[in-house]
Amino acid sequence: MIQKLKEYQFLFEELTKRDFRKKYKRTILGMVWSVLSPLLTLLVMSVIFTRFFGHSIAHYTTYLFAGNLTFSYFSEATNGGMGALVGNKDIFSKVNVPKYMFVISTNMSSFFNYLLSLVIFFVFAAFDAIVFRWSFFLLLYPVLCLLAFNIGMSMILSALDLFFKDTIYLYRVFTMLLMYASAIFYSVDTFSVKVQRLFLCNPIYAYIKFFRIVVIDGTIPSIEYFLLCGFYAAVVLFIGAAIYKRYDSRFMYYV
Amino acid sequence: MFDSKDQEISVDVSHVSVRYMTGDFINIGLKEFVMRKLTRTYYAKEFWAVNDVSFSLYKGDLLGIIGTNGAGKSTLLKTVSGVMVPTKGVVYTKGKVAALLELASGFDSDLTVKENAYLRGALLGYTRAFMNEKYDEIIDFSELREYEDRPFRQLSSGMKARIAFSIASMVQPDVLILDEVLSVGDGAFRKKSEEKMRSIIGGGATTILVSHSLEQIKSLCNKVLWMHHGGKVAFGETEEICEVYEEFLVTKRLPEV
């Protein structure tokens, strides 16, 4: 594995560079914009929803931000990752390269974007009277889990996208439904305990919840949350890797 | 790998078949796919682009593959270059394989020429050190020094082929695969690229070449593989097979085996 990584390090770097350059069009403004545009959405949401939910939810801006940020990362990374095979078919139909490289390299640029917005998140949180705690470093765990989860999802989606041209439309509908089920701008507290548990079947909600527990409640999540976040990431990454392992040599027959 | 006469085998293609699926598949999308599966109206048909082809080459051999359009020549090359894994059969190649297939595509039009060169080098399995060392040689050979920082889309198709050729021909491979690209670009570059190609072949590379020019094949190759509708018609000495093939091109009748 290490040997393989070394062998493909140069390729990985060049692919990642390419994806960064394409994303930001090599302008500072490009980078600023990619952080700014979700912030603007957030601003609008915050202005509107604070009226409805602001009284019942403590630190509502942070609450909203944590949800929106995490969900946008998921949505952007998987939508970008979905095109990893179709978008690079001119390359891998000519040169023999491991195809998961494309998935990982596109995910890197979304991940970097996410890290940038996380920095801004903490600035906002500070304004929202959130006191910094050392336990915030625990957030590394859901962040890395989400990265693995997104890479797994991208593998599954990119394979589907190669076989079925309408994947992109179906997935758009799916992400919208998932967004409403992720309790980004509302609280699940009004639901019964049973339904609240049901929400945790949504992996994205589990990651968001982890964030909120650490940042807003200021406590350390129970072991169940750790297990759940790790479990979702492991399962999805495993399925994605299995698909790539099984179909890697067959993708070529369908381009 | 050695054969019974103790000659070193460089490429061994053994009972290779490649199957594509046609029919309702790619085009109908997931919704329709599920619907048709449920109503049992879904059908997919197999199409064997290459069907049970075998041959082997010794080190230094120069093989020409001939056949009409759709004979499966390019697909066969893809299995030898390792881009495609055959559905059935095994391909064995000894040493480093370099394939020059449809050169000009697969570049990124937003990146500069230099960035594309590095990316292509990485894709071809070169190391960064190797690219740093050879980059000047590549850009000079392609005569595109003044374009190196321009976006790739500003290049003409001939220029794209030139840079692609320059990057791909930087190595001395053990097995060289050529798909109609013995020479690219305009007059002067054509001559240069052909020379370069000959020097690689002369360096002892086992070469496989697809060409529609029988003259080229006759003058270069010591062996010929003739394919038709995915199957092997003949494999052997250039002279005799080319003779039968030329006859076939007139009469459209395959020789009786």
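None of these values were measured; they are calculated from a predicted model. The chains referred to below are lettered A, B, ... by the order of the sequence lines, with proteins before strands, and numbering in each begins at 1.
Scanning both residues, Val97(A) and Leu123(B), for their nearest heavy atoms gives CG1-O, 3.6 Å.
Only the backbone of Pro86(B) comes within contact range of chain A, with heavy atoms under 4.5 Å apart. Neither the backbone nor the side chain of Thr75(B) comes within contact range of chain A; no heavy atom of the residue lies under 4.5 Å from a heavy atom of that chain. Of the atoms belonging to Val97(B), not a single heavy atom falls under 4.5 Å from chain A. Proximity to chain B involves both the backbone and the side chain of Val95(A), based on heavy atoms less than 4.5 angstrom apart. Heavy atoms of Lys17(A) lying under 4.5 Å from chain B belong exclusively to its side chain. The part of Phe92(A) that comes within reach of chain B is its backbone (N, CA, C, O), which places non-hydrogen atoms under 4.5 angstrom from that chain.
Side-chain atoms of Asp108(B) never come within 3.5 Å of backbone atoms of Arg18(A) as a donor-acceptor pair (strictly under, hydrogens ignored).
Using cut-offs of 30° and 60° for the angle between ring planes, the Tyr253(A) and Tyr20(B) rings count as perpendicular.
Summarising the geometry, atom OG1 belonging to Thr127(B) is positioned 12.5 Å from atom CG belonging to Leu11(A); distances are rounded to the nearest 0.5 Å. The line from CZ of Arg21(A) to OG1 of Thr112(B) is 6.5 Å long, rounded to the nearest 0.5 Å.
Most heavy-atom pairs under 4.5 Å with chain A: of the set Leu30(B), Asp110(B), Val85(B), this distinction falls to Leu30(B).
The 12-atom threshold is exceeded at CZ of Arg153(B), counting heavy atoms of other residues, nucleotides or ligands nearer than 6.0 Å. A 6.0 Å sphere centred on CZ of Arg145(B) holds more than 12 heavy atoms belonging to other residues, nucleotides or ligands.
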(Q) Run the side chain to side chain contact (heavy atoms under 4.5 Å, CB included) test on Phe10(A) and Met131(B) for me, step by step, so that the C-alpha distance in whole Å, both residues' side-chain angles and the decisive distance to 0.1 Å come before the verdict. (A) CA-CA 10 Å; Phe10(A) 179 37; Met131(B) 274 310 282; 3.9 Å; yes
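In summary, Glu14(A) and Arg120(B) do not engage in a salt bridge, as defined by a charged side-chain N under 4.0 Å from a carboxylate O.
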